[in-house]
Amino acid sequence: MQLIISMKDDIITMGHGSGAGLTQQLIREVFDSEFQLPSYEDSIQIEHRTVVTTDAYVVKPLFFPGGDIGRLSVTGTVNDLCMSGGRPAYIMASFILEEGFKIALLQKIVNSMQKAAEEAGIRIIAGDTKVVERGKCDGIYITTSGIGFLPAGVELSAKMIRVGDRILVNGTIGDHSVAIMNARQNLELEPAPVSDSAPLHEIIQILLGTGGLRYARDATRGGVATILNEVISEKGLGIIIDEKSLPVKEATTALCGLLGLDPLYLANEGKLIAFLSPGNDDLLEDLNKHKYGKGSAFIGEVTEEVQGVYLRTAIGTLRPLLLLASDPLPRIC
Amino acid sequence: MRMKEFQDTSLIRQVTSSIHQAAEKLNGKPVKFMEVCGSHTMAIGHWGIRKLIPETIKLISGPGCPVCVTPSSVIDELIRLKGVTIATFGDLLRVPGSLGNLEEARARGARVETIYSPLEALKLAEKEETILVGIGFETTIPGIAHTILEAQRRKLKYFSVFCLAKLIPPALEALLRDDQAAINGFILPGHVSVIIGLKAYTFLSERFRIGGVVTGFEPLDILLGILRLLEQLPNPEIINEYSRVVKPQGNEEAQKMIKKVFGVSPALWRGLGWLPDSGLVIRGEYEEYDAQKRYNLRVRETEPHPECLCGEMLRGRIKATDCPLFAKTCTPVHPVGPCMVSSEGSCAAHYKYER
């Protein structure tokens with residue numbers, strides 16, 4: 001399952017931002033070779049059970065059904081903190097603004113950030129602004145950094161994953177990508193698909209409450225298939241995902257069929273993948289009571305039967321779910 | 001919309017067992033069926049169809065992936081153009097030319113826009129000189145024809161089409177003239193047939209004594225297609241297993257529109273060379289929208305990589321793993337040959353689903 005990519009490309013292409021194989025290669029060969037990063041996780045624990053994370057937001061369009069760049073910049077960072085089991089506490093934000101950007105729009109974005117912060121129970125405590133000449137950025141870019149605290153006794157790690165563990169997702173996958181594609185390309189889907197952008201701090205608390213949560217990741221860029229590949233790589237274990245249990249909205253399935261895309265590789269902004277010890281059957285009921293847990297489902301299992309990530313298709317055949325090198329491209333026909 | 005009944009496991013079991021029975025009657029004689037269309041190649045990999053059928057039935061991929069059969073010189077010509085916005089479908093972005101691909105060209109400053117519908121190119125052309133990369137088979141061609149007519153109606157001055165449209169039946173004829181392909185039947189393309197109907201394929205059974213089944217893209221569609229091909233081996237004919245979408249006469253409105261805007265010409269297929277009457281050119285009445293004339297663009301043959309066996313693949317002679325470059329020097333990120341360049345190419349599908 002090794003990717004065969006040469007670094008012969010001497011410039012950054014969009015593929016390097018896809019979250020897939022090219023992104024990982026860029027991190028490994030350009031950043032990690034200098035920084036010697038302690039981990040590739042979305043957040044990292046430093047002194048005094050403090051967890052920190054940072055993320056940049058460049059979404060286009062800035063406003064879309066279900067969210068906007070401001071909400072994303074808060075919920076995305078909150079979720080990165082949560083996945084370690086940490087309680088998110090503070091966010092700091094940097095804004096790169098393009099000359100000519102409307103202040104009313106900026107106010108709307110900042111207001112949306114504050115609302116998301118209140119929803120997630122955190123405070124935005126510091127920030128920075130820079131303005132660049134017209135044409136040098138696409139309206140606004142936001143970078144947020146987050147600080148959270150890890151309660152005593154909580155240790156989530158991919159190292160704890162065992163054969164027989166169940167894999168859970170907290171609702172339909174691909175919603176964010178489909179909402180953005182529809183808004184960006186004027187695909188005119190009716191009703192307009194809505195992004196799943198949401199803070200997952202309460203979902204993580206429900207999962208921690210079972211006592212059986214081993215590890216969790218938010219399934220953002222690259223989607224469920226990419227994250228599963230990252231988690232399982234070099235462990236000598238396998239994952240089999242059951243296509244029939246995958247929660248996917250009909251509109252997503254239809255659009256993916258049309259464009260030759262696979263919902264398993266589409267980005268989410270309010271979905272996590274959790275690895276749980278066997279059992280925990282009552283969990284789905286609790287999750288479904290939460291507004292960000294509707295449609296939760298167990299989608300697969302950790303197994304020794306295969307190495308790497310596989311899909312049991314709806315017709316019972318088994319096929320690999322590879323780590324893609326780059327974004328999947330929509331096809332001609 | 002995916003139709004759940006075409007994924008029904010008990011129906012699939014029934015059809016699969018009928019396929020095994022029909023294959024047994026052949027007493028171990030291998031048969032080779034070609035799926036012409038790239039979307040079928042993808043669906044066969046996606047659903048793991050090969051694991052359900054006897055090993056004596058070989059499914060081989062045909063030339064029906066539009067991006068795969070586009071000559072790499074097209075990419076060079078597009079990159080050479082300066083100051084023109086290139087409007088293209090997404091899957092052309094990573095096709096390598098000798099100077100790199102369009103995604104890299106965009107990173108270096110070229111204006112390349114990904115579109116989902118040809119009409120989006122007109123929106124771009126309202127503001128800037130725009131060239132639509134008109135790639136595709138009969139499925140996509142009516143959309144390109146409509147876009148040209150619409151550009152004329154709106155009197156757009158900054159719009160043109162690099163017409164690389166290709167026709168499926170002449171390519172099949174060329175394949176059959178080649179003895180080594182030894183094809184026993186065709187799984188015929190569902191979407192292309194929506195436009196051209198069934199009559200366009202009758203030469204297969206009448207002149208070459210080889211049958212074909214038009215099918216859809218769900219697992220049951222494909223398995224039924226294979227079963228019908230086995231059943232009709234002694235008496236080949238053209239069958240429509242996709243009647244929920246494909247009409248025998250096709251879409252006559254779309255056919256008229258194609259004829260109005262385009263004339264038939266020879267075309268250069270990457271991996272197959274020049275094939276007679278297999279392409280379309282923009283008619284004289286619409287020549288102001290013909291990018292080949294406007295920018296003096298040329299499509300020419302380029303030397304393939306010496307070890308690349310895509311030509312053999314596209315002719316149905318070998319499978320992906322027979323090629324020495326497959327998954328070694330030739331990968332989806334750095335494709336060497338046409339079958340790896342598009343996600344619908346036979347090597348790319350094999351790389352993704354069946355390694």
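Here is the naming used below: chain letters follow the sequence lines, and residue numbers restart at 1 for every chain.
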Examine whether an atom of I12(A) lies under 4.5 Å from a heavy atom of chain B, and if so say whether it belongs to the side chain, the backbone or both; otherwise answer neither. backbone
Filter on salt bridge (Lys or Arg N to Asp or Glu O under 4.0 Å), then keep only pairs touching residues 108-119 of chain B, sequence neighbours left out; what's left? D10(A)-R108(B)
Does anything in residues 222-243 of chain A pair up under ring-ring contact (aromatic ring centres under 6.0 Å, His included), and if so which pairs, sequence neighbours excluded? none
Please flag which part of L52(B) lies under 4.5 Å from any non-hydrogen atom of chain A: side chain, backbone, both or neither. side chain
Are F6(B) and R244(B) side-chain neighbours, meaning at least one heavy-atom pair lies under 4.5 Å? yes
If I measure from the heavy atoms of chain A, does R13(B) come under 4.5 Å with its side chain, its backbone, both, or neither? neither
For the residue pair F217(B) and H191(B), is the inter-centroid distance of their aromatic rings smaller than 6.0 Å? yes
Atom OG1 of T331(B) and atom CE of M340(B): how far apart are they, to the nearest 0.5 Å? 6.5 Å
Which of L318(A), I315(A), T313(A) touches chain B most, by non-hydrogen pairs under 4.5 Å: I315(A)
Among R94(B), K51(B), K352(B), which has the most heavy-atom pairs under 4.5 Å with chain A? R94(B)
